[in-house]
Amino acid sequence: MFEARLIQGGLLKKLLESVKELVTDANFDCSESGIALQAMDNSHVALVSLLLRSEGFDPYRCDRGFSLGVNLNSLNKILKCAGNDDIITLRADDNSADSLSLSFENPNNDRIGEYELKLMDIDQEHLSIPETDYDATIIMPSAEFQRICRDLTVVSESVTIDVSKDTIKFTAEGELGSGNIKLKSTSSIDKPEESVNIELGQDVSLQFSLKYLMNFTKGTPLSEQVILCLSEKMPLLVEYKMDIGYIRYYLAPKIGD
Amino acid sequence: MVGQMLLAEFYSFL
């Protein structure tokens with residue numbers, strides 16, 4: 001028996017919006033500790049990894065490991081039927097369950113919608129991603145990161161990210177010209193969510209596809225801050241932290257000959 | 001020339 005009741009059901013709606021562009025089908029791996037998902041995009045260039053801890057649900061019940069294979073577009077369509085303030089409950093009966101039950105309760109508890117989503121067998125490749133000490137870690141407003149990606153897409157398909165002592169610089173060069181945005185590290189005691197924090201072991205310069213970064217910024221509504229972790233010649237980690245877990249995106253760099 | 005790397009070039013499959 002698997003049952004997970006999420007008071008902030010709107011969070012699940014936002015989460016699906018933030019992964020559906022990148023991944024079509026994925027397994028939700030449910031265990032005592034919570035719900036996890038790891039999936040690569042079709043081109044094997046980007047990966048999304050999300051975790052929802054069991055403590056974030058009320059109640060949460062999972063007797064043993066469940067792997068629920070879901071078409072994310074279908075799940076997203078059903079979740080659009082839930083109100084933003086609804087309480088969402090997910091249920092599956094046993095490991096051979098061929099469907100996932102979803103119920104949507106409104107805050108007054110006088111309207112309850114019930115849906116069934118057919119599950120599928122998904123044979124998914126998982127990558128082992130070790131804990132990494134990154135050369136540079138940047139915490140910045142998520143809306144600012146989204147704006148930078150959107151603005152530089154006008155100029156080029158790629159962006160170079162340079163991090164030095166107290167500055168992060170985003171540069172794009174394309175056929176029409178070039179553009180760059182520099183952000184200096186700032187600290188705001190009153191509004192820490194608006195500050196740019198740079199932790200640097202050594203300078204980093206890496207190039208990435210803006211198309212994927214634009215997809216990652218679909219996670220912006222999940223958190224006011226985004227964390228960027230970079231190491232020379234390593235994939236970029238883009239993380240949005242939530243009260244009940246996180247969503248992490250990994251993107252392989254572009255590297256010259 | 002700049003080439004797009006794949007994730008499997010950095011991480012191993014489980």
Side-chain angles (χ1 to χ4, degrees), chain A residues 22-23 27 29 36-49 67 123-132 134 156-161 171-174 205-213 216 229-238 248-257, chain B:
Chain A
L22 212 56
V23 179
N27 285 315
D29 295 315
L37 176 151
Q38 194 211 70
M40 270 187 284
D41 81 301
N42 281 336
S43 59
H44 287 204
V45 166
L47 178 141
V48 58
S49 169
S67 196
D123 189 14
Q124 212 153 40
E125 290 176 308
H126 272 63
L127 285 177
S128 158
I129 301 173
E131 284 293 316
T132 307
Y134 287 94
S156 175
E157 292 178 355
S158 311
V159 60
T160 302
I161 305 179
T171 309
E173 290 178 15
S205 178
L206 283 163
Q207 193 175 5
F208 299 100
S209 159
L210 275 167
K211 182 182 80 174
Y212 289 98
L213 292 180
F216 296 176
C229 300
L230 302 101
S231 280
E232 204 60 42
K233 294 184 179 171
M234 285 297 290
L236 164 74
L237 165 59
V238 177
R248 293 175 180 162
Y249 302 94
Y250 294 84
L251 178 60
K254 292 184 166 190
I255 286 183
D257 291 340
Chain B
M1 272 292 287
V2 173
Q4 173 64 64
M5 306 289 285
L6 300 175
L7 285 170
E9 294 174 79
F10 302 95
Y11 305 128
S12 55
F13 287 101
L14 286 172

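Here is the naming used below: chain letters follow the sequence lines, and residue numbers restart at 1 for every chain.
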Q.
Applying side-chain contact (heavy atoms from CB on, under 4.5 Å), can you list everything that pairs with A:Ala172, at least two apart in sequence or on another chain?
A. A:Leu152, A:Val155, A:Ser156
Q. Does CD belonging to A:Glu173 count more than 12 external heavy atoms closer than 6.0 Å?
A. no
For residues 36-47 of chain A, please give each side-chain donor-acceptor pair under 3.5 Å, one per line with the distance, not counting sequence neighbours.
unit_1, atom_1, unit_2, atom_2, d
A:Gln38, OE1, A:Leu127, N, 3.0
A:Gln38, NE2, A:Leu127, O, 2.9
A:Asp41, OD1, A:His44, N, 3.3
A:Asp41, OD1, A:Val45, N, 3.1
A:Asp41, OD1, A:Ala46, N, 2.9
A:Asp41, OD2, A:Ser43, N, 3.2
A:Asp41, OD2, A:Ser43, OG, 2.4
A:Asp41, OD2, A:Tyr212, OH, 3.2
A:Ser43, OG, A:Tyr212, OH, 2.6

Q) Which bit of B:Phe10 comes within less than 4.5 Å of chain A, counting heavy atoms only: side chain, backbone, both or neither? A) side chain
**Q.** Atom pair CE/CD of B:Met5 and A:Gln207 - distance to nearest 0.5 Å
**A.** 13.0 Å
Q) Of all heavy-atom pairs between B:Leu6 and A:Ala252, which one has the smallest distance, and what is that distance? A) C-CB, 3.9 Å
Q.
Counting neighbours of CD on A:Glu157 that are heavy atoms of other residues, nucleotides or ligands and sit closer than 6.0 Å, is the number greater than 12?
A. no
